[in-house]
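Working notes for the structure below.
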Amino acid sequence: MFFVDDIEIHLQHKRVKNLNLRIARDGDHVEVSAPTWMTKADVVDFVRRKRDWIETQMARVAATPMARASQASPAEVARWRAVVQACVPALIAAWEPIMGVKVGSLAYRNMTSRWGSCQPSTGRICINVRLALYPPDCLEYVVVHELCHLLERGHGPRFHQLMDHFMPDWKQRRDKLR
């Protein structure tokens with residue numbers, strides 16, 4: 001970790017062709033992947049040239065619910081869990097007969113990089129409690145997404161066909177989470 005002016009940089013040298021910038025999910029630093037041959041001075045120069053874009057993106061990301069969630073207290077997380085636990089069973093009960101699936105078990109976790117997960121072999125579905133910070137249609141989208149995994153494991157063409165069939169506006173809902 002180092003700073004370029006007032007921007008915190010987390011640098012990793014990797015076997016990549018190009019220098020890649022990513023704004024951290026909480027918006028407080030920049031993650032940089034650089035080719036192994038690239039010097040720190042090259043990275044500093046690149047970051048300075050991209051400063052306006054970086055600052056704009058950092059401000060945008062810092063204003064998202066996901067960034068606010070990274071600073072949450074355990075009590076806040078418990079409130080989110082209560083909201084999601086109150087809503088998800090009803091959504092599952094509504095969608096199971098429509099989709100012809102059956103959930104094995106439900107779990108709720110405070111996750112930083114996923115909205116949900118599904119284990120098709122057991123029917124276990126896990127939902128991110130941070131979805132309480134988003135509009136209700138986002139929670140419904142994640143539930144339907146995970147239920148689709150009970151019918152199709154991956155995210156290939158058949159999965160997208162299932163999503164299109166069951167929830168035609170799923171892409172708009174998904175985009176609210178990005």
Side-chain angles (χ1 to χ4, degrees), residues 7-8 10 21-31 53-178:
I7 300 173
E8 184 178 329
H10 293 200
L21 294 178
R22 284 173 306 287
I23 307 303
R25 283 185 175 266
D26 57 9
D28 74 346
H29 68 275
V30 177
E31 297 169 352
W53 179 86
I54 290 169
E55 288 177 342
T56 300
Q57 296 304 312
M58 288 178 85
R60 183 186 62 78
V61 170
T64 64
M66 203 59 154
R68 290 193 306 268
S70 66
Q71 309 297 322
S73 70
E76 287 174 291
V77 174
R79 283 194 296 275
W80 303 337
R81 182 180 307 276
V83 168
V84 172
Q85 279 180 315
C87 297
V88 169
L91 289 170
I92 299 258
W95 281 98
E96 279 178 330
I98 294 168
M99 298 176 72
V101 296
K102 185 73 177 140
V103 172
S105 64
L106 281 172
Y108 305 94
R109 291 180 43 209
N110 182 20
M111 298 183 275
T112 59
S113 62
R114 291 179 178 212
W115 294 116
S117 64
C118 177
Q119 294 174 335
S121 60
T122 63
R124 181 180 190 269
I125 290 183
C126 185
I127 301 292
N128 191 337
V129 299
R130 293 181 182 199
L131 284 162
L133 300 172
Y134 290 84
D137 61 329
C138 294
L139 178 59
E140 185 176 33
Y141 154 71
V142 172
V143 167
V144 171
H145 179 109
E146 299 310 331
L147 291 175
C148 277
H149 282 304
L150 295 174
L151 300 169
E152 179 66 29
R153 285 182 176 267
H155 291 110
R158 181 165 182 262
F159 178 84
H160 290 119
Q161 288 170 351
L162 290 167
M163 287 298 297
D164 289 339
H165 174 73
F166 291 117
M167 186 174 275
D169 67 339
W170 70 273
K171 291 178 184 172
Q172 290 82 16
R173 295 176 187 224
R174 178 197 60 194
D175 290 348
K176 293 177 187 177
L177 295 171
R178 292 186 168 176

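Nearest heavy-atom pair across Gly154 and His149 is O-CE1, 3.5 Å. Here the shortest heavy-atom pairing between Ser70 and Asp26 reads OG-CB, 3.3 Å. Of all heavy-atom pairs spanning Met66 and Met111, the tightest one is CE-O, 3.9 Å. Nearest approach of Ile125 to Cys118, heavy atoms of both residues: CG1-SG, 4.2 Å. Heavy-atom minimum distance, Asp28 versus Glu8: O-CB, 4.1 Å. The two residues Pro120 and Leu150 have their closest heavy-atom pair at CA-CD2, 4.0 Å.
With rounding to the nearest 0.5 Å, the separation of CH2 in Trp53 from CG in Leu21 is 6.0 Å. Distance check: Leu139 CG to Leu177 CG gives 9.5 Å after rounding to the nearest 0.5 Å. Going from atom CG of Leu147 over to atom CG of Leu162 covers 11.0 Å, rounded to the nearest 0.5 Å. Here the straight-line distance linking atom OG1 of Thr64 with atom CZ of Arg178 works out to 14.0 Å at 0.5 Å rounding. Rounding to the nearest 0.5 Å gives a distance of 13.0 Å between CD of Glu146 and CG of Leu91. Summarising the geometry, atom SG belonging to Cys87 is positioned 12.0 Å from atom CD1 belonging to Ile92; distances are rounded to the nearest 0.5 Å.
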**Message:** Set out, in order, the CA-CA distance, both residues' side-chain angles and the distance that settles side chain to side chain contact (heavy atoms under 4.5 Å, CB included) for His160 and Trp170, then state yes or no.
**Reply:** CA-CA 10 Å; His160 290 119; Trp170 70 273; 3.4 Å; yes

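Other residues, nucleotides and ligands contribute at most 12 non-hydrogen atoms within 6.0 Å of the CZ atom of Arg109.
Between Arg158 and Gln161, the side chains place no donor N or O within less than 3.5 Å of an acceptor N or O (distance only, hydrogens not considered).
Without hydrogens or angle criteria, Arg173 side chain to Asp137 main chain gives a donor-acceptor distance under 3.5 Å. Counting only distance, with no hydrogens or angles, the side chain of Arg22 and the backbone of Val30 share no donor-acceptor pair below 3.5 Å. Looking only at distances, a side-chain donor or acceptor of Glu76 sits under 3.5 Å from a matching main-chain atom of Ser73.
Val129 is not listed as a side-chain neighbour of Gln85, based on a closest heavy-atom distance of 4.5 Å or more. Proximity of Asn110 to Arg130: side-chain heavy atoms (C-beta onward) are separated by under 4.5 Å at one or more points. At a threshold of 4.5 Å between non-hydrogen side-chain atoms, the residues Val142 and Tyr134 do not count as touching. The side-chain heavy atoms of Glu152 and Pro157, taken from C-beta on, include no pair separated by under 4.5 Å. Between His145 and Phe159, the closest side-chain pair of non-hydrogen atoms falls below 4.5 Å. You'll find the side chain of Tyr108 reaches within 4.5 Å of the side chain of Val88, heavy atoms only.
Looking at residues two or more places apart in sequence or on another chain, you find a side chain to side chain contact (heavy atoms under 4.5 Å, CB included) between Ser117 and Arg114, Cys126. Among residues two or more places apart in sequence or in another chain, the side-chain hydrogen bond (donor to acceptor under 3.5 Å, both in side chains) test is passed with Trp95 by Glu140.
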